[in-house]
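To start, the structure itself, in structure tokens.
Remember, it's a predicted structure, so these values are computed and weren't measured experimentally.
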Protein chains: 2
Amino acid sequence: MDRPELGFLLSRLMREVMAREKPILDAAGLEMWDYAVLTALADSDAPTQAQLAAATGRDKTRLIGNLDRLEAEGMVVRQPDPADRRNRIVSLTPAGSRVLRRCREAIEAMEAELLADLDPADRAAFQRALTALVENDR
Amino acid sequence: MDRPELGFLLSRLMREVMAREKPILDAAGLEMWDYAVLTALADSDAPTQAQLAAATGRDKTRLIGNLDRLEAEGMVVRQPDPADRRNRIVSLTPAGSRVLRRCREAIEAMEAELLADLDPADRAAFQRALTALVENDR
DNA sequence: TATTGTTATACTCTATAACTATA
DNA sequence: TATAGTTATAGAGTATAACAATA
């Protein structure tokens with residue numbers, strides 16, 4: 001066949017990455033989206049739920065279930081914004097930070113293994129290109 | 001933040017690619033999965049539905065709706081396999097081939113544009129790495 | 001009995017529109 | 001009136017099990 005299309009390759013690789021992430025997140029009691037939310041929280045500074053929804057590309061109504069669960073498990077807290085009490089500021093708890101760090105380390109190790117067979121120069125170019133493509137489409 | 005994770009980057013890029021494919025497929029009256037099925041058909045040789053399901057990574061029960069629609073629109077035909085009449089052999093019609101070729105050309109042009117800003121060496125390495133990663137995880 | 005394709009069912013995920021409380 | 005967060009509802013997508021025809 002022709003060279004496979006980008007969409008085809010990306011979806012296959014995405015499926016593989018998710019399959020390898022699943023046991024790690026399961027062990028931490030996290031769903032895929034919980035992890036995305038925790039990661040976004042670690043990278044932002046005291047976001048409102050609306051800002052957090054935008055940062056994760058998740059709809060604000062769908063974010064709520066994740067936050068409910070994460071809050072019930074003590075990984076995040078929601079506090080009213082004194083400046084505008086319609087907003088709720090979301091932040092990581094120490095427990096949430098710990099869980100996130102553990103997952104992140106395991107996932108980075110998994111990714112290193114996944115990429116291990118690549119030629120080192122190709123690996124670097126791959127990561128550089130991927131980052132650039134995502135930056136461009138912002 | 002740390003370097004973004006592979007899963008994060010892949011999902012963002014995947015989302016962008018799908019967003020750019022959508023108008024092309026809409027114009028052809030195809031859903032995303034219809035296109036995947038047509039592509040797999042062009043690359044395989046007279047597959048049964050089970051083989052086609054495996055090739056697309058789609059469950060056999062979910063494939064049926066796509067085939068029903070594609071057959072109703074005259075893009076594929078299902079014929080009983082004379083050698084084993086439990087099987088149904090799926091094949092592209094000339095009309096299906098035409099639609100597929102038009103979409104494929106448009107999508108390849110879209111991808112070329114998407115990758116146009118990359119350094120040429122990085123672009124080649126990116127495609128090489130992506131292909132290798134998908135091959136490995138087969 | 002096992003397998004291919006199909007249908008039926010329940011379950012999850014998603015999108016949309018109300019609702020509340022604040023502004 | 002408009003906005004942030006929440007809830008409710010309906011729709012799409014998915015997984016699973018059963019079924020008919022054939023081997």
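- Between the CG atom of A:L67 and the P atom of D:dT7 there is a distance of 12 Å, given to the nearest Å.
- Straight-line distance from the CG atom of B:D59 to the P atom of C:dG5: 12 Å, rounded to whole Å.
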Scan the side chains in residues 90-99 of chain A for donor-acceptor partners under 3.5 Å anywhere in the protein, sequence neighbours excluded, and list what turns up.
from  : atom 1 : to    : atom 2 : distance (Å)
A:T93 : OG1    : A:G74 : O      : 2.6
A:T93 : OG1    : A:M75 : O      : 3.1
A:T93 : OG1    : A:A95 : N      : 3.4
A:T93 : OG1    : A:G96 : N      : 3.0
A:S97 : OG     : A:T93 : O      : 3.3

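- A:L63 places its CG atom 8 Å from the P atom of D:dT6, with the value rounded to the nearest Å.
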Treat primed atoms plus P, OP1 and OP2 as sugar-phosphate and everything else as base, then score nucleotides 18-23 of chain C 5' to 3': B for base contact with protein heavy atoms under 4.0 Å, S for sugar-phosphate contact only, - for none.
----BS

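- A straight line from CD1 of A:I64 to C1' of C:dA15 spans 14 Å, rounded to a whole angstrom.
- Taking atom CG of A:N87 as the reference point, atom P of D:dT3 lies 13 Å away to the nearest angstrom.
- For D:dG5, the OP1/OP2 oxygens have no side-chain nitrogen or oxygen of A:R62 closer than 4.0 Å.
- Here C:dT6 presents its P atom at 7 Å from CG of B:D68, a figure rounded to the nearest Å.
- A cation-pi geometry, defined here as NZ or CZ lying under 6.0 Å from the six-membered ring centre and within 45° of its normal, holds between B:R58 and B:W33.
- Distances shorter than 4.0 Å separate none of the side-chain N or O atoms of A:Q51 from OP1 or OP2 on D:dA4.
- Counting non-hydrogen atoms of neighbouring residues, nucleotides and ligands closer than 6.0 angstrom, the CE atom of B:M18 reaches no more than 12 such neighbours.
- Pairs passing the salt bridge (Lys or Arg N to Asp or Glu O under 4.0 Å) check and including a residue from residues 25-36 of chain B, sequence neighbours excluded, read B:K22-B:D26, B:E31-B:R69, B:D34-B:R69.
- Sorted by first and then second residue, the ring-ring contact (aromatic ring centres under 6.0 Å, His included) pairs involving residues 86-105 of chain B (not counting sequence neighbours) form an empty list.
- The shortest distance between the side-chain N/O atoms of B:R88 and the OP1/OP2 oxygens of C:dT6 is below 4.0 Å.
- Candidate nucleotides C:dT14, C:dT4, D:dG5 were compared by shortest atom distance to the side chain of A:R58, and C:dT14 ranks first.
- Residue A:L114 comes nearest to A:E16 through the heavy atom pair CD1-CG, 4.2 Å, listed as atom of the first residue, atom of the second, then distance.
- Between the side chain of A:R123 and the backbone N or O of A:L115, at least one donor-acceptor pair lies under 3.5 Å.
- Counting only distance, with no hydrogens or angles, the side chain of B:Q51 and the backbone of B:T48 share a donor-acceptor pair below 3.5 Å.
- The nearest whole Å value for the distance from the CD atom in A:Q79 to the C1' atom in D:dG5 is 16 Å.
- For the segment residues 26-38 of chain A, no residue has any heavy atom less than 4.0 angstrom from an atom of DNA chain C.
- B:F126 is linked by a ring-ring contact (aromatic ring centres under 6.0 Å, His included) to A:F126, counting only residues two or more places apart in sequence or in another chain.
- Residue A:R15 contributes atom CZ, which lies 11 Å from atom P of D:dT14 at whole-angstrom precision.
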